[in-house]
Amino acid sequence: MAAREFKPDRGAYVRAHAWMAAIGMGGAMAVLWIMGSTHIWTGAIGGLAAIALRGWYMASEELAVVWTLTEDALTGPAGRGVALSQIGTVRTMGSYVQVVTKGGDKHLIKYQADPAATLNAIERAKA
């Protein structure tokens with residue numbers, strides 16, 4: 001089996017941040033409403049600004065992360081990796097693929113364009 005790389009997808013990154021912005025905007029507005037503020041709408045602006053700033057600031061780092069699947073291991077950034085024989089569970093969560101080892105360590109392969117294909121590739125290699 002040739003090594004396979006799992007790179008983040010910019011579209012998935014933007015979609016994830018759009019969802020975070022919507023939740024952040026609603027949450028900030030709810031907090032202001034509970035506090036009795038007459039300027040609830042400012043929560044939407046604050047929530048959107050916070051997530052937009054985070055997305056812009058983290059994009060270069062998050063979109064550079066590459067995971068590599070070989071015949072015997074799944075390796076990622078910063079020396080992270082796991083032998084295929086030690087993978088316990090693989091599941092998707094939105095555009096993420098979570099890999100849980102038999103020892104309980106958890107790794108996220110983030111912002112996948114097709115998380116189901118990533119999951120299937122890991123499961124096939126594991127088998």
Side-chain angles (χ1 to χ4, degrees):
M1 173 180 100
R4 181 161 179 197
E5 289 187 339
F6 303 114
K7 297 178 181 180
D9 177 69
R10 184 173 295 279
Y13 182 80
V14 170
R15 280 189 301 279
H17 279 77
W19 277 106
M20 284 191 281
I23 292 167
M25 291 166 72
M29 289 174 69
V31 167
L32 290 171
W33 178 69
I34 290 168
M35 291 174 43
S37 174
T38 58
H39 302 289
I40 296 170
W41 61 271
T42 59
I45 294 170
L48 178 60
I51 298 303
L53 181 62
R54 182 216 184 269
W56 171 78
Y57 184 76
M58 296 295 296
S60 62
E61 183 177 326
E62 292 284 355
L63 294 173
V65 173
V66 177
W67 286 83
T68 305
L69 178 65
T70 62
E71 292 180 8
D72 57 350
L74 177 65
T75 57
R80 285 182 272 170
V82 60
L84 295 181
S85 63
Q86 293 303 307
I87 294 175
T89 305
V90 183
R91 64 176 67 102
T92 60
M93 302 178 334
S95 65
Y96 298 177
V97 175
Q98 182 184 46
V99 177
V100 183
T101 67
K102 293 176 181 174
D105 295 330
K106 296 177 182 173
H107 304 279
L108 281 179
I109 304 172
K110 298 180 184 179
Y111 311 115
Q112 295 297 290
D114 187 354
T118 302
L119 179 141
N120 289 333
I122 295 168
E123 289 289 354
R124 279 193 311 273
K126 191 174 94 166

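Excluded from the calculations below are hydrogen atoms, water molecules and symmetry mates; all remaining heavy atoms, backbone and side chain alike, are included.
A heavy-atom distance below 4.5 Å is not found between the side chains of Phe6 and Val66. Using a 4.5 Å heavy-atom cutoff, the side chains of Leu108 and Lys106 are not in contact.
The environment of NZ in Lys126 is crowded: more than 12 heavy-atom neighbours from other residues, nucleotides or ligands sit within 6.0 Å. Atom CE of Met35 has 12 or fewer heavy atoms from other residues, nucleotides or ligands within 6.0 Å. Counting non-hydrogen atoms of neighbouring residues, nucleotides and ligands closer than 6.0 angstrom, the CZ atom of Arg10 reaches no more than 12 such neighbours.
Of all the heavy atoms in Arg54 and Tyr13, the pair that sits closest is O-OH, 4.1 Å. The two residues Pro115 and Tyr96 come nearest to each other via the heavy atoms CB-O, 4.2 Å.
Judged purely by distance below 3.5 Å, without hydrogens or angles, the side chains of Gln112 and Thr118 pair a donor atom with an acceptor atom.
Judged by distance alone, with hydrogens and angles left aside, the side-chain atoms of Asn120 form a donor-acceptor pair with the main-chain N or O of Ala116 at under 3.5 Å. With hydrogens and angles ignored, the 3.5 Å screen pairs no side-chain donor or acceptor of Tyr111 with any backbone N or O of Ser95. In this structure, the side chain of Lys7 does not engage the main chain of Leu63 through any donor-acceptor pair within 3.5 Å.
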Q: Walk me through it: do Asp105 and Val100 pass the test side chain to side chain contact (heavy atoms under 4.5 Å, CB included)?
A: CA-CA 6 Å; Asp105 295 330; Val100 183; over 6 Å; no

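Expressed to the nearest 0.5 Å, how far CD of Glu5 lies from OG1 of Thr68 amounts to 4.5 Å. The distance from atom CG of Leu74 to atom CD of Gln86, rounded to the nearest 0.5 Å, is 13.0 Å.
Using a 30° and 60° split on the angle between ring planes, His39 and Trp41 fall in the perpendicular class, above 60°.
By the side-chain hydrogen bond (donor to acceptor under 3.5 Å, both in side chains) test, Arg80 pairs with no residue at all, sequence neighbours left out.
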